[in-house]
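Report on one structure; see the data block that follows.
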Amino acid sequence: MTEHSLTLPEIIDALVADGLVDAEQASAFKNERRHFTTETHPLVTLAERRWKSLQPPHKILDMEALTQWLAVWSGLDYLHIDPLKIDFSAVTSVMSNAYASRFRILPVQVKLDEVVIATAEPFQRNWEAEIQPILNKKIRRVIANPQDIARYQVEFYNLAKSVKGAQAKGDVTGGASNFEQLVELGKSNKQFDANDQHIVTIVDWLWQYAFEQRASDIHVEPRRDAGIVRFRIDGVLHQVYQIPMAVLNAMTSRIKILGRMDVVEKRRPQDGRLKTRTPD
């Protein structure tokens with residue numbers, strides 16, 4: 001198929017052809033020209049309609065359902081982006097933030113001989129020819145939710161920037177592998193300030209994804225060299241991060257400060273409380 005961006009009529013016609021959407025309903029919607037003057041991705045526009053699939057079990061055609069359908073329709077694999085499983089330091093080194101934003105793509109995995117890149121535009125491939133010689137790796141495209149791509153594109157690159165900033169402040173040489181090994185910051189034995197912007201960003205990011213994973217508990221467990229962060233999800237503890245102790249100590253202090261607890265006290269159990277607010 002020729003190089004092009006997905007259009008709303010194209011997606012609607014394909015859904016009708018696959019027997020998911022009623023032809024009359026689709027035709028009436030296509031006559032509402034106001035939907036065609038926006039740069040919003042077609043899947044986002046259709047997901048807002050909350051149409052029910054004509055095929056059993058007649059589920060709502062929400063973003064995930066439409067994205068999965070797009071993957072099958074375009075012949076690419078579907079990927080649900082799980083931020084807890086992504087090596088954000090590696091994927092953000094594949095291409096610049098500006099380049100990823102320009103083509104609305106997001107690297108999600110880096111292997112020895114392959115880079116997996118998420119896109120919601122299966123028929124846009126010109127960028128592939130540009131970047132493949134630079135990476136010198138095979139590129140495998142997967143289909144992901146366009147809203148997730150846009151969101152994590154901002155968050156991964158911002159978080160990578162914070163980690164690099166913390167590296168610089170710790171005067172640490174060497175690269176970062178991922179959040180679970182948090183850039184070897186602890187090797188400098190530097191005492192980080194709990195209010196350092198990089199620590200603030202990391203703590204906020206950790207909480208945000210604990211909430212999204214519907215974790216009931218966050219366990220921050222100190223060890224000799226590296227601490228462990230675990231989430232309790234559906235009654236089961238899952239280890240999600242290993243963090244150098246210098247960073248973990250600063251994160252713990254940050255949480256104590258926000259909860260109005262005694263930062264110096266390390267032996268006596270303490271209770272604290274804080275409230276958070278999300279954009280939603």
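If you read the sequence from its start, that first residue is 1, and numbering goes on from there. Only this structure's heavy atoms are used, side chains among them; waters, hydrogens and symmetry mates stay out.
The shortest side-chain heavy-atom distance between Ile11 and Leu43 falls under the 4.5 Å cut-off. Between Arg214 and Ile233 there is no side-chain heavy-atom pair separated by less than 4.5 Å. Within the 4.5 Å cutoff, no side-chain heavy atoms of Val142 are placed close to those of Tyr78. Residues Val229 and Leu248 are in side-chain contact: their nearest non-hydrogen atoms beyond the backbone lie under 4.5 Å apart. The side-chain heavy atoms of Ile81 and Leu106, taken from C-beta on, include a pair separated by under 4.5 Å. Counting heavy atoms from C-beta on, the side chains of Arg232 and Leu237 come closer than 4.5 Å. Inter-residue side-chain proximity for Lys30 and Leu8 is flagged as unmet; no heavy-atom pair is nearer than 4.5 Å. Annotation: side chain of Thr92 is not in contact with side chain of Pro107 (no heavy-atom distance under 4.5 Å).
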Next on the checklist: Could you go through Gln124 and Thr119, starting from their C-alpha distance and side-chain angles, then the distance that decides it, and tell me whether this counts as side-chain hydrogen bond (donor to acceptor under 3.5 Å, both in side chains)?
Outcome noted: CA-CA 9 Å; Gln124 281 189 348; Thr119 180; 6.0 Å; no
Next on the checklist: Could you walk me through whether Phe231 and Trp207 satisfy the ring-ring contact (aromatic ring centres under 6.0 Å, His included) test, starting with their C-alpha distance in whole Å, then the side-chain angles of each, then the deciding distance to 0.1 Å, before giving a yes or no?
Outcome noted: CA-CA 10 Å; Phe231 294 167; Trp207 279 350; over 10 Å; no
Checklist entry - Could you walk me through whether Val44 and Gln147 pass the side-chain contact (heavy atoms from CB on, under 4.5 Å) check? => result CA-CA 8 Å; Val44 177; Gln147 291 178 321; 3.6 Å; yes
Checklist entry - Where do Trp69 and Asp18 land on the side-chain hydrogen bond (donor to acceptor under 3.5 Å, both in side chains) test, with the steps shown first? => result CA-CA 10 Å; Trp69 166 82; Asp18 283 356; 2.8 Å; yes
Next on the checklist: Between Val200 and Arg254, is the side-chain contact (heavy atoms from CB on, under 4.5 Å) condition met? List the steps.
Outcome noted: CA-CA 7 Å; Val200 171; Arg254 170 74 182 163; 3.6 Å; yes
Checklist entry - Should Met95 and Ile117 be marked as a side-chain contact (heavy atoms from CB on, under 4.5 Å) after you check the CA-CA gap, both sets of side-chain angles, and the distance that decides it? => result CA-CA 11 Å; Met95 64 182 68; Ile117 298 180; 3.8 Å; yes
Checklist entry - Can Val108 and Val116 be said to form a side-chain contact (heavy atoms from CB on, under 4.5 Å), step by step? => result CA-CA 6 Å; Val108 290; Val116 182; 3.6 Å; yes
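Atom OG of Ser253 sits about 5.5 Å away from atom NZ of Lys266, to the nearest 0.5 Å. For the atom pair CD1 of Ile255 and CD1 of Ile218, the computed distance is 7.0 Å after rounding to the nearest 0.5 Å. The distance from atom CD1 of Ile131 to atom CG of Asn126, rounded to the nearest 0.5 Å, is 13.5 Å. In this structure, CE on Met63 lies 9.5 Å from CG on Leu46, to the nearest 0.5 angstrom. Atom NZ of residue Lys52 and atom NE2 of residue His58 lie 8.5 Å apart, to the nearest 0.5 angstrom. Distance check: Arg260 CZ to Asp271 CG gives 14.5 Å after rounding to the nearest 0.5 Å.
Within the structure, the salt bridge (charged side-chain N to carboxylate O under 4.0 Å, His left out) test picks out the following pairs touching residues 115-133 (sequence neighbours left out): Arg125-Glu128, Glu128-Arg141.
Using a 4.5 Å cut-off between side-chain heavy atoms of Ile, Leu, Val, Met, Phe, Trp and Tyr, with links allowed through other members, Ile139 and Ile149 fall into the same hydrophobic cluster. The cluster map of Ile, Leu, Val, Met, Phe, Trp and Tyr, joined by side-chain heavy atoms under 4.5 Å apart, puts Val263 and Met251 in different clusters. A continuous path of hydrophobic side-chain contacts links Leu61 to Val16 [ILVMFWY only; heavy atoms under 4.5 Å]. Hydrophobic cluster membership differs between Ile257 and Val203, with clusters built from Ile, Leu, Val, Met, Phe, Trp and Tyr side chains linked at under 4.5 angstrom. Leu15 and Val72 are not part of a single hydrophobic cluster, where members link through side-chain heavy atoms under 4.5 Å apart.
A donor-acceptor pair is defined here as one N or O able to donate and one able to accept, closer than 3.5 Å; no such pair exists between the side chain of Lys138 and the backbone of Val115. A distance-only check finds a donor-acceptor pair linking the side chain of Tyr99 to the backbone of Trp127 [under 3.5 Å]. Put simply, the side chain of Gln132 gets close to the backbone of Lys137: a donor and an acceptor are under 3.5 Å apart.
Other residues, nucleotides and ligands place more than 12 heavy atoms under 6.0 Å from the CG atom of Asp262. More than 12 heavy-atom neighbours from other residues, nucleotides or ligands sit within 6.0 angstrom of CZ on Arg151.
The minimum heavy-atom distance linking Phe123 with Trp73 is given by the pair CE1-CZ3, 3.7 Å. Nearest heavy-atom pair, Pro222 versus Val220, reported as atom, atom and distance to 0.1 Å: CD-O, 3.6 Å. For the pair Glu64 and Asp148, the tightest heavy-atom approach, listed with the atom from each and the gap, is OE2-OD2, 4.0 Å. Smallest separation of non-hydrogen atoms from Ala120 and Leu70: O-CD2, 3.8 Å. In plain terms, the two heavy atoms of Leu6 and Pro42 that are nearest each other are O-CG, 3.6 Å. The shortest heavy-atom contact between Ala118 and Ala144 is CB-CB, 3.8 Å.
Taking the ring centroids of Trp51 and Phe29, they lie under the 6.0 Å cut-off.
Between Glu265 and Arg267 there is no salt bridge, since no side-chain nitrogen of the basic residue lies less than 4.0 Å from a carboxylate oxygen of the acidic one. Electrostatic pairing of Arg140 and Glu114 counts as a salt bridge here, judged by a charged N lying under 4.0 Å from a carboxylate O.
Side-chain atoms of Gln153 and Ser101 form a donor-acceptor pair, as typed in the model, at a separation below 3.5 Å. Looking at His4 and Glu10, their side chains do bring a donor and an acceptor atom within 3.5 Å of each other.
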